[in-house]
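Some notes on the structure that comes next.
Here the structure is a predicted model, which means the values were calculated and not measured. Any value given below was found using the heavy atoms of this structure, including those in side chains, with hydrogens, waters and symmetry copies removed. Note that ligands are numbered from 1 as they come in the structure, with each ligand's atoms numbered from 1 the same way.
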Amino acid sequence: MRLTILGGGGFRVPLVYGALLRDRAEGRVTAVVLHDVDAGRLSAVRRVLAEQAAGVPDAPEVTATTDLDEALRGADFVFSAIRVGGLQGRADDERIALAEGVLGQETVGAGGIAYGLRTVPVAVDIARRVARLAPNAWVINFTNPAGLVTEAMSRYLGDRVIGICDSPVGLGRRIARVLGVDPDRAWIDYAGLNHLGWVRGLRVDGRDELPRLLADPGLLASFEEGRLFGAEWLRSLGAVPNEYLHYYYFGRETVRAHQEAEHTRGAFLRDQQARFYEELREPDADALAVWDRTRAEREATYMAENRDSAGAGERDAEDLTGGGYENVALALMRAVARDERTTLILNVRNRSTLAVLDADAVVEVPCLVDANGAHPVAVDPLPGHAAGLVCAVKAVEREVLAAAESGSRATAVKAFALHPLVDSVGVARRLVDGYTAVHPGLAYLK
Ligand code: G6P
Ligand code: MN
């Protein structure tokens, strides 16, 4: 089986390759094709993969190319993990938004819109090429903002594109852990959009265990989201939100914390990764050790400003080992390729799952996965305030898709202005001016 990874020179590719190396079952991936626009990054990542594969019998063969069409031909699966504009683009997104007093995070608020506006045209081009060159391939989209980008691609690939994120699984596992239940036996009642969802229940043997968690301040203080949102607010909600909802429920505090931080996440990762790729140009660098040290530092500092502003302290040791992102991708690929039925929380077209959205809206919900793809399962309706947020953000995503299709600057302004975390049309206009001035990828907006 052949897997093509777009963004193949990306920092997280060794996580995926490590998961492939652990997979010994029949029908596993035997060939990996890395595609990237930057040959230097490809060779750095290939060095890490070669060290990972050393001593592993039948390790998947790795090839690399900068030719997209060549990479896509013959693919059974395509992982899309690209970053249009690079980490400098992410840092610019954050800086310009924070200067206007709004959030610049790559998936939430103004930053997510800016990143979406320049990523959607590239993702659509990829989707069209896949439809032409590898029509039977399954595309697993990791590219953020993952829900929006998956929806853009689904217009060309239908249900053959599935979006993934590790935060719902991570949240479900953390809740199971503190409740002392086996996560593999628990049904996680999670629903929403990517980075905008809520766990409303966790059922084991037909019994909902979430009320036991919400009633226990000690248990609530013992995991990341409990500390981030606080026991009282979680009890008021009667649910546990995805960590990215911290940007909504504590909007002012998070904007302030990010404004006061020494550097934004994008600027930190830009510099950290520049050092990583630089170090790997050294012929006798220990590539795997350098990568792993860099990865550990990235994990430890994840959402640090949010945790600081909430007084939530350091991340738990169990949350630092990774194992989320690549395992979701591998579990999905296995279920589809080998018809190993499983349930995963994925980004797929809604059909009639969330009654407040139309059938083609990409949502993040539990899905039954088999050789025919990912089938969303029925969930309880979202409560009013969650339904309101989901509808508002989906409306923004639709404006982003419309702006990317038409090239209309006015539509781009509308996308920013309608976002619940952007509080003025004037701000929206200045954001579009600021973003189009720095991003070549937004030159299409007229
Ligand atoms: C989580 C999110 C992903 C994000 C990743 C890395 O897993 O769900 O969407 O890409 O963290 O975040 P970072 O800030 O390190 O790039
Ligand atoms: Mn994510």
Task: Arg295 touching ligand 1 at heavy-atom level, < 4.0 angstrom - done: no
Open item on the list: Judged on heavy-atom distance to atom 16 (O) of ligand 1, which of Arg298, Gln273, Arg265 sits nearest?
Closed with: Arg298
Open item on the list: For Tyr325, does the six-membered ring have the charged nitrogen or CZ of Arg12 within the cation-pi criterion, i.e. under 6.0 angstrom from the centroid and within 45° of the normal?
Closed with: yes
Just checking, any donor-acceptor pair under 3.5 angstrom between side chains of [X] and [Y]?
X: Glu224; Y: Tyr302; result: no
X: Tyr244; Y: Asn194; result: no
X: Tyr17; Y: Glu326; result: no
X: Asn144; Y: Thr107; result: no

Task: Per-residue contact class, Glu243 against ligand 1 - non-hydrogen pairs under 4.0 Å - done: neither
Open item on the list: One residue to check: His195. Relative to ligand 1, which of side chain, backbone, both or neither has a non-hydrogen atom less than 4.0 Å away?
Closed with: side chain
Heavy-atom nearest neighbour in the protein, as seen from [atom], with distance rounded to 0.1 Å:
atom: atom 2 (C) of ligand 1; result: Tyr244 OH, 3.4 Å
atom: atom 3 (C) of ligand 1; result: Asn144 ND2, 4.0 Å
atom: atom 12 (O) of ligand 1; result: Tyr302 CE1, 3.6 Å
atom: atom 7 (O) of ligand 1; result: Asp166 OD1, 2.5 Å

- [ ] May I ask you to decide whether Arg47 forms a salt bridge with Asp286, counting only side-chain N to carboxylate O separations under 4.0 Å?
- [x] no
TODO: Flag Arg12 as yes when one of its N or O atoms lies below 3.5 Å from any N or O atom of ligand 1, and as no otherwise.
DONE: yes
- [ ] Take the angle between the ring planes of His385 and Tyr249 and call it parallel below 30°, perpendicular above 60°, tilted in between.
- [x] tilted
